[in-house]
Amino acid sequence: MRLLFVASEIAPWVKTGGLGDVAGALPAALARLGIDVRILVPRYPALRSLQATGRFLERFASLGGAMAAAELYEASLAPNLCVWLLDCPDYYDRPGNPYLGPEGRDWLDNHLRFGLLSRLAARLASPASPLAWRPDVLFANDWQAALAPYYLRFYEPAGSAKSVLAIHNLAFQGVFPPQYLDELGLFARDWHIDGVEYYGQISFLKAGIRHADKLVTVSPTYAREIATEAGGMGLGGLLAARAADLVGIVNGIDTEIWNPARDVYLDTPYDLERLADKRRNTEALRAEYGLASRADVPLVGVVSRLTHQKGHDLVAQIGEDIVELPAQLIVLGTGEAAIEVAFRALALRHPANVGVTIGYDERLAHRIEAGADFFLMPSRFEPCGLNQLYSQAYGTPPIVTAVGGLADTVVDATPENIAAGLATGFVCPEASPTAILAALTRAVRLWREEPEGYRQLQRVGMSRDYGWDAPARRYLALFRALLGESPWMS
Ligand code: ADP
Ligand code: GLC
C-alpha cells in the first residue's frame, strides 16, 4: 500500500503544535507496518538542510488559478519513508512560522500557499502525475491540505487515489474571502452552502469535509462532539451528515523523544524503577526558575498555547488561589496577550512560587513534563491533546477537563478508580474557574495526604502504552477498508 501524507508542519524541523508532532511520527509508524509512505510538506527555510541531502524529482508548471510553479525534491528518512519537499521559494522560503510572519500576522497569500500544497497533492495522487510513484491513499491533514480532496474530485481523472481528511482541530478552518475563488481554481458552481461557501467566505476545511472519502479526527469523543451543533463550529450539520464516514483515532506519542528514561533534556532521566529520581528533576526545575524549594508543596506545570481553547484565561483568574492551596506553578507558553500578561503579573507577585516563560522552548517543555508533580490542561475543547499523554508517560498526573481526547485518555482519581488501579489523573467536569480549582484541590490533597495513592496514579500512567504502533494499526485498518480490502470495524 502506498500513502501520500500531506501536512503543513513536521517535527522536529517545523512545529507549531500537535500537528507537527503527528506528522513527525505517524508516517514513520505506518512505514514500519509496511506501508510505503511519502510525506509532502512545503520546503520552509528549516527544511533546507534536509533538501540538500535529497534529490530533485520534478518541476511543475502552474496547476491552475493564480498558483505558482514549483519543484519537488525527495529526501529519504527511513525504509519506506521519504519526505517530498514542495519547493516554491516565493511562497515558503520566508522567516516566521508556517502561517505567520515575524510580526505575528497571517501571511496575506496563505490561501495560495496552502492552495498550492493541496493542488499539488491532488496531482501527485492522480494518473496525471508525471511521477512513477503514485499513492493508493491521499491523507490530507487539516485545512492546509483540505482542498486536496476537492481538486482530486474535480481536476484529476478517474483512477486517482482515495482520500482521507484528518481533522486535528476544527477551530482552524482556512477561511478566506470569496474573491479568491478564481485564484484557487474553485468553481463558481460550488459557491453555495452545500459547496465551499461558509458564512460568505471560502472554507478549505469545509471543502475537504465534503469531498474526502473518509474523515478522521484524533479521538472518538471529539468525533462525536464535532458532529453536533454545539461542538461543530458551524460545520456540525455537515459532519453529522457524514458521521458514517467519520472515525476517531487517538494519537500516539513519539516514545523515542518523549521518554523519561532517555530524555536528552533531563539531567536525571528516570523510569518506573527509578521513580524517586523524578524528584531531582523537580528540584532542578525549581532552581532554574528560582522558586523556593518546598518539599511540602506540589509543583503544577503548564506547557501550552495560551489561548481560549486551552482554558488558561481561567487558570490565570485563579492564580492567587493556586498559590494559596498551597501549590507552585510553572507556565511555559505563548498566545493571547491578555493571558500572557496575567501570568507574568502573577509571577511578579509570587516570585518564590510562580515561574513563567513566555516563549516556545522544546527543552523546557520536556523539563516541565518531568519536573512537575501535576500537569494542568483545562481545555474548553481538545481534539486529542498530546501533553496529557506526555505527562502520564512521565509520571506527572494530568488535571484535565472532560472534553475530546482528554476525556478519552485520562482516568479520574475517584476512590473507586484508584482502588481498581485505573486512575491516572484528575478530570474536572467543566472548564470554569471553580471546577478547575476544585480539581486542583483534590489533586493537592491526594499528593499531601495519600502519597501511596498519588504514587499509584504515577505508576498506572507510566505503565500504559502511548506509542504509535496501536494507532497506526487502526489507520492501516481504515485504509484497507477504504480500498475495499477488508471491512472496517470501529
Ligand atoms: P495543540 O496542538 O492544540 O497546541 P497538543 O497538546 O496536541 O496541542 O500539542 C502541543 C504540542 O506543542 C506539544 O508537543 C507541546 O509540548 C508543544 N508546545 C506547546 N507550547 C509549547 C511551548 N511554549 N514550548 C514548547 N513546546 C510547546
Ligand atoms: C491539534 C489539536 C490537539 C491535537 C493535535 C494533534 O493541534 O488542538 O488536540 O493533539 O492537533 O492531532
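Each ligand, and each atom within it, is numbered from 1 in the order the structure gives.
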message = Can you give me the closest heavy-atom contact between Ala146 and Ser118, atom names plus distance?
response =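 Looking at all heavy atoms of both residues, the closest pair is N-OG, 3.8 Å.
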key: Minimum-distance pair of heavy atoms, taken over all atoms of Arg274 and Pro269   =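 Heavy-atom minimum between the residues: NH1-O, 3.8 Å.
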query = Would the Tyr99 and Phe172 ring centres measure less than 6.0 Å apart?
reply =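 When the ring centroids of Tyr99 and Phe172 are compared, they turn out to be at least 6.0 Å apart.
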request  = Compute the centroid of each ring, for Phe204 and then for Tyr150, and state whether the two points are separated by less than 6.0 Å.
outcome  =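 Phe204 vs Tyr150: aromatic centres not under 6.0 Å.
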List ligand 2 atoms under 4.0 Å from [X], heavy atoms only on the residue side.
X	answer
Val22	6 (C), 12 (O)
Glu382	2 (C), 3 (C), 8 (O), 9 (O)
Gly18	5 (C), 6 (C)
Asn169	8 (O)
Gln309	8 (O)
Asn251	6 (C), 10 (O), 12 (O)

Out of [options], who is nearest to [atom] when you count heavy atoms only?
atom	options	result
atom 20 (N) of ligand 1	Ser304, Ala171, Ala11	Ser304
atom 27 (C) of ligand 1	Trp258, Phe172, Tyr360	Tyr360
atom 25 (C) of ligand 1	Ile358, Thr307, Asp361	Asp361

query = Between Thr409 and Tyr466, do the side chains contain an N or O donor and an N or O acceptor separated by less than 3.5 Å?
reply =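 Per modelled atom types, Thr409 and Tyr466 side chains form no pair under 3.5 Å.
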key: Exercise: do Glu382 and Thr401 side chains pair donor with acceptor under 3.5 Å   =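 There is no such pair (donor and acceptor under 3.5 Å, judged by atom type) between the side chains of Glu382 and Thr401.
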query = Hey, is Lys15 touching ligand 1 through its side chain, its backbone, both or neither, going by heavy atoms under 4.0 Å?
reply =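 Only the side chain of Lys15 comes within reach of ligand 1.
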inquiry  = Side chain, backbone, both or neither: which applies to Asn387 and ligand 1 if a contact is any heavy-atom pair less than 4.0 Å apart?
reply    =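 The part of Asn387 near ligand 1 is both the backbone and the side chain.
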Please confirm whether [X] approaches ligand 1 to less than 4.0 Å, judged on its heavy atoms.
X	answer
Gly359	yes
Cys384	no
Lys310	yes

inquiry  = Pro45: which residues meet the side-chain contact (heavy atoms from CB on, under 4.5 Å) condition with it, sequence neighbours left out?
reply    =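 side-chain contact (heavy atoms from CB on, under 4.5 Å) check on Pro45 returns Arg48, Asp93.
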Which protein heavy atom lies closest to [atom], and at what distance to 0.1 Å?
atom	value
atom 12 (O) of ligand 2	His168 ND1, 2.6 Å
atom 5 (P) of ligand 1	Leu386 N, 3.7 Å
atom 4 (O) of ligand 1	Arg305 NE, 2.8 Å

query = So is Gly385 in contact with ligand 2, going by heavy-atom distances below 4.0 Å?
reply =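 Yes, Gly385 has heavy atoms under 4.0 Å from ligand 2.
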query = Any N/O of Gly18 closer than 3.5 Å to an N/O of ligand 1?
reply =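 For ligand 1, there is an N or O atom that lies under 3.5 Å from one belonging to Gly18.
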Check: Asp21 N/O within less than 3.5 Å of ligand 1 N/O =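 Yes, at least one N or O pair falls under 3.5 Å.
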Is there a donor-acceptor contact under 3.5 Å from the side chain of [X] to the main chain of [Y]?
X	Y	value
Ser203	Val175	no
Glu9	Pro98	no
Ser219	Pro383	yes
Arg242	Ala212	yes
Ser293	Glu283	no

task = Please confirm whether Cys384 comes within less than 3.5 Å of ligand 2 when only nitrogen or oxygen atoms on both sides are compared.
result =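 By distance alone, the answer is yes.
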List the atom pairs, with distances to 0.1 Å, where a side-chain N or O of residues 256-263 and a protein N or O form a donor-acceptor pair under 3.5 Å, not counting sequence neighbours.
| from | atom 1 | to | atom 2 | distance (Å) |
| --- | --- | --- | --- | --- |
| Trp258 | NE1 | Tyr390 | OH | 3.3 |
| Asn259 | OD1 | Ala261 | N | 3.0 |
| Asn259 | ND2 | Thr255 | O | 3.3 |
| Asp263 | OD1 | Tyr265 | N | 2.8 |
| Asp263 | OD1 | His366 | ND1 | 3.4 |
| Asp263 | OD2 | His366 | ND1 | 2.7 |
| Asp263 | OD2 | Tyr394 | OH | 2.6 |

task = Just jot down the ligand 1 atoms closer than 4.0 angstrom to any heavy atom of Gly333, in number order.
result =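 That gives atoms 23 (N) of ligand 1.
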task = Number the atoms of ligand 1 from 1 as they appear, then name those within less than 4.0 Å of a heavy atom of Gly17, with their elements.
result =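 In order of number, 2 (O), 11 (C), 12 (O).
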inquiry  = Given the ring of Tyr92, does Arg43 sit roughly above its face, with NZ or CZ under 6.0 Å from the centre of the six-membered ring and within 45° of the axis?
reply    =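 Negative - Arg43 is either too far from the ring of Tyr92 or too far off its axis.
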